Amino acid sequence: MLDPRLFRTDLDEVKKQLDRRSYAFDATAYETLETRRKAVQINTQELQNEKNKSAKNIGQAKAKGEDIQPLLDQVQHLGEQLKQAETELADIQNEMTALMEAIPNFLDEVVPVGKDEQDNVEISKWGKTPEFTFEPKDHVDLGEKIGLDFEVAAKIASARFAVLKGPLARMQRAIIQLMLDMHSAEHGYSETYVPFLVNADSLYGTGQLPKFEADLFKASEDPALYLIPTAEVPVTNIVRDVIVEAKDMPLKFVCHTPCFRSEAGAYGRDVRGMIRQHQFEKVELVQIVTAEQSALAHEELTNHAENILKKLNLPYRKVLLCAGDTGFSSSKTYDLEVWLPGQGKYREISSCSNFKDFQARRMQARWRNPETGKPELVHTVNGSGLAAGRTLIAVMENYQDEQGRIHIPEALKPYMGGIEIIG
RNA sequence: GGAGAGGUGACUGAGUGGCCGAAAGUACCGGUUUUGAAAACCGGCGACGGGUUAAACCGUCCCAGGGUUCGAAUCCCUGCCUCUCCGCCA
């Protein structure tokens, strides 16, 4: 949610900013609504004031033992009028909220113009892409013989699920362990365990609702609970409706969870393999910081995710998403793309975003600034550190040999119980 | 699942229809004192919104949503949550 005050004071700036997103903002409709809001709100508050005064008068008159009937007659019609005004105001405010919550975040000034992923800008590249003396296979072909089974997953559940068996399943766990250990021990994040089902308020707070309900799995109707699409939702909502003390800032959380996505609208995309699944494992990094800290925190958090790729010696590149590819709630996003020899392409393995105060405003997540003594909205920054399923794929494809075996990366060996090669 | 108790400001906690946006204490901020700190003492200290150049001023909020009333933290209904006991259970 954007700052409604900015809409009242500098609508031109709002238009300019949203234009960068190619978001068609109807300023006239907004202004009409805002004018009505103001008039109705002032009127309502005046009536409320009248009510309060008269009630006080009646109370005092009664205390003195005076006849209050004349006073009661005077306020007879007030109730009805007030009720009407309050209803109208509530309607307008609901309309206003609906309008505001559908508007995406402003983009950071450095975000490049562009329509889709074609226009993203490469920031850096790391690692040497492995050269094979044979034709490298993709993870599906590699996985067939060593325990990656899509058919049995489809039987158990449906398409877009995977079953992992034996050492391959263990390697995914090893990857998760490595990430949690590095982020907590070396990068200063506090390991966190959270519910995998969340309520609508939490999803609203991070921006998935109301606009993107179709992307979610709803697990229960009463109470309304959804499977989490990312740990970002439960973890960030830790600070919903909270005023964090200055001494506790910044807050840094690392959290491993499964993630569940309906992938509605992704028909035909990445149908092969376990790139795009209804369920996948991810380690998420979340930072709750002050406004001054967020730009730097975003860079650092991205570096923390990069360190995992470096530790695993997986070639990757870092791209800055263009305007058209930057998500609804984000103001600036880096994607980390890992090299997949089987596809001969870089593929997204992490997405690190600075949401600034957009989520915080929805969540009423604040901290107390000791300089002013007043609560201020926090900034939220998060990123995958990393998507474990895709990391597994990347390890498989980058560490394969001619026989289709997978050599365990050094960094994972401590977690593999002596296994050095799979296959 | 059964029975009971309860949800008040950053925290503890008083408040059963008007004098309550709310006692008191803690924490916090400022001051006095002190070489400094602590203690003591004095003063300040909720959030959100409207309004204003800025103020004044006004409104809303005592878990949430409804209701009763001229008037609700206080009474009624529904929901959510927490705690205690019993049952069941990883």
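Below, chain A is the first sequence line, B the second, and so on; all start at residue 1. Owing to the predicted nature of the structure, the values given are computational and were not obtained by experimental measurement.
Counting to the nearest Å, the C1' atom of B:G66 and the NZ atom of A:K83 are 10 Å from each other. Taking atom CG of residue A:N369 and atom P of nucleotide B:A10, one finds them 17 Å apart after rounding to whole Å. A straight line from CE of A:M96 to P of B:G49 spans 14 Å, rounded to a whole angstrom. The distance from atom CG of A:N43 to atom C1' of B:U60 is 16 Å, rounded to the nearest whole Å. Taking atom CG on A:L89 and atom P on B:U60, their separation rounds to 12 Å, with Å as the unit. As a whole-Å value, the separation of A:K62 NZ from B:U69 C1' is 10 Å. Computed from coordinates, the A:I58 CD1 to B:U69 C1' distance equals 10 Å when rounded to whole Å. Rounded to whole Å, atom P of B:G59 lies 8 Å from atom CD of A:Q48.
No hydrogens or angles considered: a donor-acceptor pair under 3.5 Å links the side chains of A:E281 and A:H256. With 3.5 Å as the limit, one finds a donor-acceptor pair spanning the side chains of A:Q359 and A:T380. Between A:K282 and A:T230, the side chains place a donor N or O and an acceptor N or O closer than 3.5 Å (distance only, hydrogens not considered). Side-chain contact annotation: A:Q208 with A:Y226, donor-acceptor N/O pair under 3.5 Å absent.
Remark on RNA chain B: of its neighbouring residues A:E50 and A:Q41, the 5'-side contact belongs to A:Q41, judged by nearest-heavy-atom nucleotide. Nearer the 5' end of RNA chain B, as judged by each residue's closest nucleotide, is the contact made by A:I42, out of A:I42 and A:L72.
No side-chain heavy atom of A:R366 sits less than 4.5 Å from a side-chain heavy atom of A:E376.
B:C57: Watson-Crick or G-U partner is B:G50, with both key distances under 3.5 Å. Taking a pair to require two hydrogen-bonding distances under 3.5 Å in either a Watson-Crick or a G-U wobble arrangement, B:U69 remains unpaired. The pairing partner recorded for B:A24 is B:U12, the criterion being a Watson-Crick or G-U wobble arrangement whose two distances lie under 3.5 angstrom. In a base pair of the Watson-Crick type (N1 to N3 plus N6-O4 or O6-N4) or a G-U wobble (N1-O2 and O6-N3), with each distance short of 3.5 Å, B:C45 is matched with no nucleotide. With a 3.5 Å ceiling on both atom-pair distances, the Watson-Crick or G-U wobble partner of B:C85 is B:G2.
B:C83 and B:C29: their C1' atoms are spaced 35 Å apart (whole Å). If you take atom P in B:U82 and the same atom in B:U8, they sit 14 Å apart, rounded to whole Å. The same atom, C1', is picked in B:A22 and in B:U60; the two are 15 Å apart, to the nearest Å. Atom name P, nucleotides B:A72 and B:G21: the rounded distance is 11 Å, in whole Å. Between B:A27 and B:G71, the distance separating the two C1' atoms is 36 Å to the nearest Å. Taking atom C1' in both B:G7 and B:G15, the straight-line distance is 15 Å, to the nearest Å. For the C1' atom pair drawn from B:U35 and B:C42, the interatomic distance equals 23 Å after rounding to whole Å. Nucleotides B:A73 and B:G66 are separated by 15 Å at their P atoms, to the nearest Å.
Within 6.0 Å of the NZ atom in A:K211, the count of heavy atoms belonging to other residues, nucleotides or ligands exceeds 12. No more than 12 heavy atoms of other residues, nucleotides or ligands shown are found within 6.0 angstrom of NZ on A:K155.
Look at A:R368 and you won't find any side-chain N or O under 4.0 angstrom from OP1 or OP2 of B:C29. The side chain of A:N49 places an N or O atom within less than 4.0 Å of a non-bridging phosphate oxygen (OP1 or OP2) of B:G59. A:R366 has a side-chain polar atom (N or O) that falls below the 4.0 Å cut-off from OP1 or OP2 of B:C48.
Among the protein residues, A:K38 comes within range of the sugar-phosphate backbone only, with heavy atoms under 4.0 Å from sugar or phosphate atoms but none that close to a base. At the heavy-atom level, A:N57 lies nowhere under 4.0 Å from the strands shown.
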